[in-house]
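Presented below is the structure to which this report refers.
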Amino acid sequence: MSTKPSIPQGTRDFSAEVVRKRNYIFSTIRNVFELYSFQPLETPAMENLETLMGKYGEEGDKLIFKILNNGLDHENKIEKARAGFEKVLEGKSSSDITERALKYDLTIPFARYVAMNHGKLTFPFRRYQIQPVWRADRPQKGRYREFTQCDADVVGSLSLLNEVELANIYHEVFVQLGIKNYELKINSRKILVALAELCGGTDKMTDITVAIDKLDKIGLEKVKEELQQRGLSNEQIIIIENYLNITGSNEEKLIQIKSLIGSSEIGKKGIEEVEFVFQQSKNTNIDIDFTLARGLNYYTGIIFEVKAPAEVKMGSIGGGGRYDDLTGLFGVPDIPGVGISFGVDRIYDVMEELNLFPSGVQVSTKALFFNMGEAESRFAFGIMQQLRSNGISCELYHEASKINKQFTYAEKKNIPFVIIIGSKEMEEKNCAVKNLATGQQEIVSLEKLVDYLKN
RNA sequence: GUAGUCGUAGCUCAGUUGGUUAGAGCAUCAGAUUGUGAUUCUGAGGGUCGAGGGUUCGAGCCCCUUCGAUUACCCCA
């Protein structure tokens with residue numbers, strides 16, 4: 001019976017200190033979302049499995065946490081359950097075994113919500129959503145099985161101004177959090193389509209994007225090798241090499257890409273998109289990166305990815321892009337959208353590593369009343385309630401322990417003031433207030449105590 | 001899913017080729033100190049050495065299995 005308790009792999013408990021820091025990130029992001037006129041939405045932790053399956057690619061499907069159906073042992077269902085399990089063993093999923101799953105991201109549940117409610121929503125619909133998601137991935141640095149995403153999406157508008165705003169939201173949030181040298185990479189899927197067209201057809205699109213996405217990780221030669229393995233001809237690889245060799249400032253890159261794929265109709269459109277967002281947004285951290293591809297295949301236009309400052313080796317701390325027909329998957333066509341996501345858990349790790357949390361984040365109890373005995377503590381209790389009704393967080397030590405124990409308690413809990421009310425103070429209607437940081441102590445009349453502590 | 005590294009007190013870690021009763025610092029608790037502590041002094045408690053099996057006269061150390069943590073690959077925030 002006494003096995004050590006534990007929590008599932010890749011999940012975490014958050015202590016008070018961590019919760020406060022996380023809340024600091026949440027509220028920063030939430031305030032910016034609200035400032036940009038996004039409305040909150042929350043969706044269930046679990047979705048019907050079929051809502052999620054097939055939306056994240058083959059790899060993604062494997063990483064969805066599936067929930068076992070209840071009542072599998074019921075005598076009427078036992079045969080079905082057996083048959084369903086056989087299907088699972090073959091790598092398929094079976095509604096006889098599982099028909100619900102934990103949500104994998106916030107975008108697909110949002111698309112499902114929009115499809116269900118498109119008659120009631122006012123378009124363009126701007127929503128933000130801050131909730132945990134789950135992935136059955138092997139945990140490692142910056143990767144958890146339960147983590148929180150903060151998404152903002154605009155659906156029902158084709159305007160590129162949305163992309164500009166989202167780029168500005170990224171900037172606003174990261175500047176406020178102190179992550180000044182983050183990098184916002186942008187590209188357009190249309191440019192990648194144009195490249196694929198140039199290299200023998202859009203069916204090669206996935207092969208090409210998967211390979212070039214790895215450029216900064218494995219280098220040009222390895223990318224070329226991979227392209228060869230994926231069945232591209234030498235001629236085609238030379239085109240891609242030229243594409244990958246585009247370097248320089250953002251302006252220079254734009255000139256080079258135009259000469260390479262500007263003749264393609266879709267390529268031209270993609271370049272215009274990137275150029276517009278780059279010029280219209282005042283975000284100085286934008287880096288136009290034509291190798292950026294992003295895994296999710298529902299993106300159709302601008303794509304974003306946020307890189308953490310290089311010194312922390314965290315990789316992506318946010319991402320997003322435009323999808324022309326996400327709700328089409330749920331039977332409601334022609335609602336285009338664009339969205340971004342913040343990965344709070346990684347942002348937390350980055351800020352921790354760079355020491356960016358302000359000290360004021362740890363706002364704890366303001367004052368501790370010492371317990372100086374039976375009558376004294378009963379008196380102090382009344383004073384404490386007065387402080388509380390004035391919005392001052394405080395507590396009374398639970399028993400009349402030795403003074404140094406009470407001091408130690410205050411110190412450990414990071415409580416800045418202790419208030420001592422003994423028999424003498426009760427008579428004189430005042431109290432001794434000691435500032436633990438400075439060690440200074442003052443006699444304060446009980447009437448003025450609220451003002452004294454409010455500073 | 002594949003692979004590497006690591007599991008010793010509440011925490012951070014020592015622990016010799018395998019050799020008596022497994023150690024230190026910090027933390028906790030108690031004591032010169034029931035109205036002024038966080039710096040000192042004294043003492044105490046605390047361990048199935050992750051778990052299970054094996055080799056050996058003898059295992060914290062070697063071997064196998066298993067669980068957990070962590071890192072990398074794949075993929076991703």
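The chains referred to below are lettered A, B, ... by the order of the sequence lines, with proteins before strands, and numbering in each begins at 1. Note that these values count all heavy atoms, side chains included, but never hydrogens, waters or copies made by symmetry. What you see is a predicted model, and the numbers here were worked out from it, not measured in a lab.
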We want to know whether [X] and [Y] form a side-chain donor-acceptor pair, criterion being a heavy-atom distance below 3.5 angstrom.
X        : Y        : answer
A/Tyr299 : A/Asn187 : no
A/Lys413 : A/Thr365 : no
A/Arg22  : A/Thr148 : yes

Rounded distance in Å - [atom1] ([X]) to [atom2] ([N]):
X        : N     : atom1 : atom2 : value
A/Phe342 : B/A77 : CZ    : C1'   : 12 Å
A/Phe304 : B/C76 : CZ    : P     : 18 Å
A/Tyr56  : B/A77 : OH    : P     : 11 Å
A/Leu106 : B/A77 : CG    : P     : 11 Å
A/Lys307 : B/C76 : NZ    : C1'   : 11 Å
A/Ile64  : B/G1  : CD1   : P     : 16 Å

Rounded to whole angstrom, note down the [atom1] distance from [N] over to [M].
N     : M     : atom1 : result
B/C67 : B/G50 : C1'   : 8 Å
B/U8  : B/U12 : P     : 8 Å
B/G7  : B/G52 : C1'   : 15 Å
B/C76 : B/U70 : P     : 22 Å
B/G1  : B/U39 : P     : 49 Å
B/A14 : B/A9  : C1'   : 13 Å
B/G10 : B/G45 : P     : 15 Å
B/A22 : B/G15 : C1'   : 8 Å

For nucleotides 5-7 of chain B, give me every protein contact, N/O to N/O, under 3.5 Å, one pair per line with atom names.
none

Between [X] and [Y], what is the shortest heavy-atom contact and its length?
X        : Y        : value
A/Asp345 : A/Glu146 : OD2-O, 4.5 Å
A/Val277 : A/Leu160 : CG2-CD2, 4.3 Å
A/Ile64  : A/Leu102 : CG2-O, 4.2 Å

Face-to-face stacking of A/Phe147 with B/A77, centres under 5.5 angstrom, angle under 30°: yes
Give me, pair by pair, the N or O atoms of the protein and of nucleotides 68-75 of chain B that are less than 3.5 Å apart, along with how far apart they are.
residue, atom, partner, partner atom, Å
B/A69, OP2, A/Gln9, NE2, 3.2
B/U71, OP2, A/Lys141, N, 2.9
B/A72, OP2, A/Gln140, OE1, 3.1
B/C74, N4, A/Gln140, NE2, 3.4
B/C74, N4, A/Arg143, NH1, 2.6
B/C74, N4, A/Arg143, NH2, 3.4
B/C75, O2, A/Arg143, NH1, 3.0
B/C75, O2, A/Arg143, NH2, 3.2
B/C75, N3, A/Arg143, NH1, 3.4
B/C75, N3, A/Arg143, NH2, 2.3
B/C75, N4, A/Arg143, NH2, 3.4

Passing candidate, ring-ring contact (aromatic ring centres under 6.0 Å, His included) with A/Tyr170, options A/Phe342, A/Phe33, A/Tyr36: A/Phe342
Is any NZ, NE, NH1 or NH2 atom of the basic residue among [X] and [Y] found under 4.0 Å from an Asp or Glu carboxylate oxygen of the other?
X        : Y        : result
A/Arg294 : A/Asp213 : no
A/Glu165 : A/Arg126 : yes
A/Arg378 : A/Glu374 : yes
A/Arg322 : A/Glu273 : no

Can you tell me the Watson-Crick or wobble partner of [N], both distances under 3.5 angstrom?
N     : result
B/U5  : B/A69
B/G10 : B/C26
B/A59 : none
B/U40 : none

Protein proximity profile, nucleotides 33-39 of chain B - base contact B, sugar-phosphate-only contact S, no contact -, cut-off 4.0 Å on heavy atoms: -BBBBB-
Mutual orientation of the aromatic rings belonging to A/Tyr56 and A/Tyr104 [parallel < 30°, tilted 30-60°, perpendicular > 60°]: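 Taking A/Tyr104 first and then A/Tyr56, their aromatic rings sit tilted (interplane angle of 30° to 60°).
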Check against salt bridge (Lys or Arg N to Asp or Glu O under 4.0 Å), A/Lys55 and A/Glu47: CA-CA 13 Å; A/Lys55 311 299 192 298; A/Glu47 291 280 343; over 6 Å; no
RNA chain B contacts among residues 314-329 of chain A, heavy-atom distance under 4.0 Å: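 By residue number: A/Ser316, A/Ile317, A/Gly318.
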Donor-acceptor contact below 3.5 Å, side chain A/Asp137 vs main chain A/Pro139: no
Polar-atom pairs under 3.5 Å, protein N or O versus N or O of nucleotides 40-42 of chain B: list them with distances, or write none.
none

Check against salt bridge (Lys or Arg N to Asp or Glu O under 4.0 Å), A/Glu17 and A/Lys21: CA-CA 6 Å; A/Glu17 191 192 349; A/Lys21 289 178 180 170; 3.6 Å; yes
Partner residues of A/Gln228 under the side-chain contact (heavy atoms from CB on, under 4.5 Å) criterion, sequence neighbours left out: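 For A/Gln228 the side-chain contact (heavy atoms from CB on, under 4.5 Å) partners, ignoring immediate neighbours, are A/Asn234, A/Ile237.
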Touch class at under 4.0 angstrom, heavy-atom based, for A/Tyr144 against every strand present: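 The residue A/Tyr144 makes base contact.
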Audit row: A/Glu427, A/Lys424, salt bridge (Lys or Arg N to Asp or Glu O under 4.0 Å) steps and yes/no: CA-CA 5 Å; A/Glu427 265 174 41; A/Lys424 193 177 83 189; over 6 Å; no
Check against salt bridge (Lys or Arg N to Asp or Glu O under 4.0 Å), A/Lys62 and A/Glu59: CA-CA 5 Å; A/Lys62 287 184 195 161; A/Glu59 282 299 314; 3.8 Å; yes
